[in-house]
Amino acid sequence: MATIQDIINSYKDKPGGIIEAYHAVQREYNYLPEEAVEYAARVFGISAAQAFGVATFYSYLSVAKRGQYIIRMCESAPCHIAGADILIKTFEDELGIKVGETTADGKFTLELTECVGQCQGTPVITINSMPYVDMNPEQVPAVLALCK
Ligand code: FES
């Protein structure tokens, strides 16, 4: 795994600079550690407050620690009607966490998302951006087992 410093340094003179660097760090670490934001401030010559402001402005960037597997439940209307509520409750029960939380072992984070463009197979979840369609609560343990 590349270090945070190496990733950020590699975007120093590129267009998009700090935002692209944040994306790259998040791709590798699943979130933006505080250390990354502080280091980016130094590399891009802005204050720590400004670097933190950029990191928290975009909803797709997260400064909160997230798990190795990020499970997102689509909550847009078609998935909602198809049983998203029951599915999310099943994931919460299986993992022992609520939406927005990460398991104590750092393995799973549970989040909600808007439509991911797979409405032909509602309800839909994604795990690290990979869609799983036509989900039902009985499939949840098997899907989680795939991540072990
Ligand atoms: S509404 Fe859920 S994937 Fe489109």
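We count ligands from 1, going down the list as the structure has it; atoms in each ligand are counted the same way.
Side chain to side chain, D6 and T3 meet the donor-acceptor criterion of an N or O pair below 3.5 Å.
One N or O on the side chain of N128 and one on the backbone of Q68 form a donor-acceptor pair closer than 3.5 Å. Side-chain N or O atoms of E34 include none that pairs as donor or acceptor with a backbone N or O of V63 at under 3.5 Å. Using modelled atom types, one side-chain atom of Q50 and one backbone atom of S47 make a donor-acceptor pair closer than 3.5 Å. The main-chain N or O of R66 is never found under 3.5 Å from a side-chain atom of N30 such that the two would form a donor-acceptor pair. A donor-acceptor pair is defined here as one N or O able to donate and one able to accept, closer than 3.5 Å; such a pair exists between the side chain of Q139 and the backbone of N136.
Residue V116 has at least one heavy-atom neighbour below 4.0 Å for each of these atoms of ligand 1: 3 (S). In the vicinity of C79, heavy-atom distances shorter than 4.0 Å reach the ligand 1 atoms 1 (S), 2 (Fe), 3 (S). When each atom of ligand 1 is checked for a heavy atom of P78 under 4.0 Å away, the hits are 1 (S). Set against the non-hydrogen atoms of Q118, the atoms of ligand 1 under 4.0 Å away are 3 (S). In summary, the atoms of ligand 1 found under 4.0 Å from a heavy atom of S76, numbered by their order in the structure, are 1 (S).
Only side-chain heavy atoms of C74 come within less than 4.0 Å of ligand 1; its backbone N, CA, C and O stay farther off.
At least one N, O or S atom of C115, from either the backbone or the side chain, sits less than 2.8 Å from atom 4 (Fe) of ligand 1.
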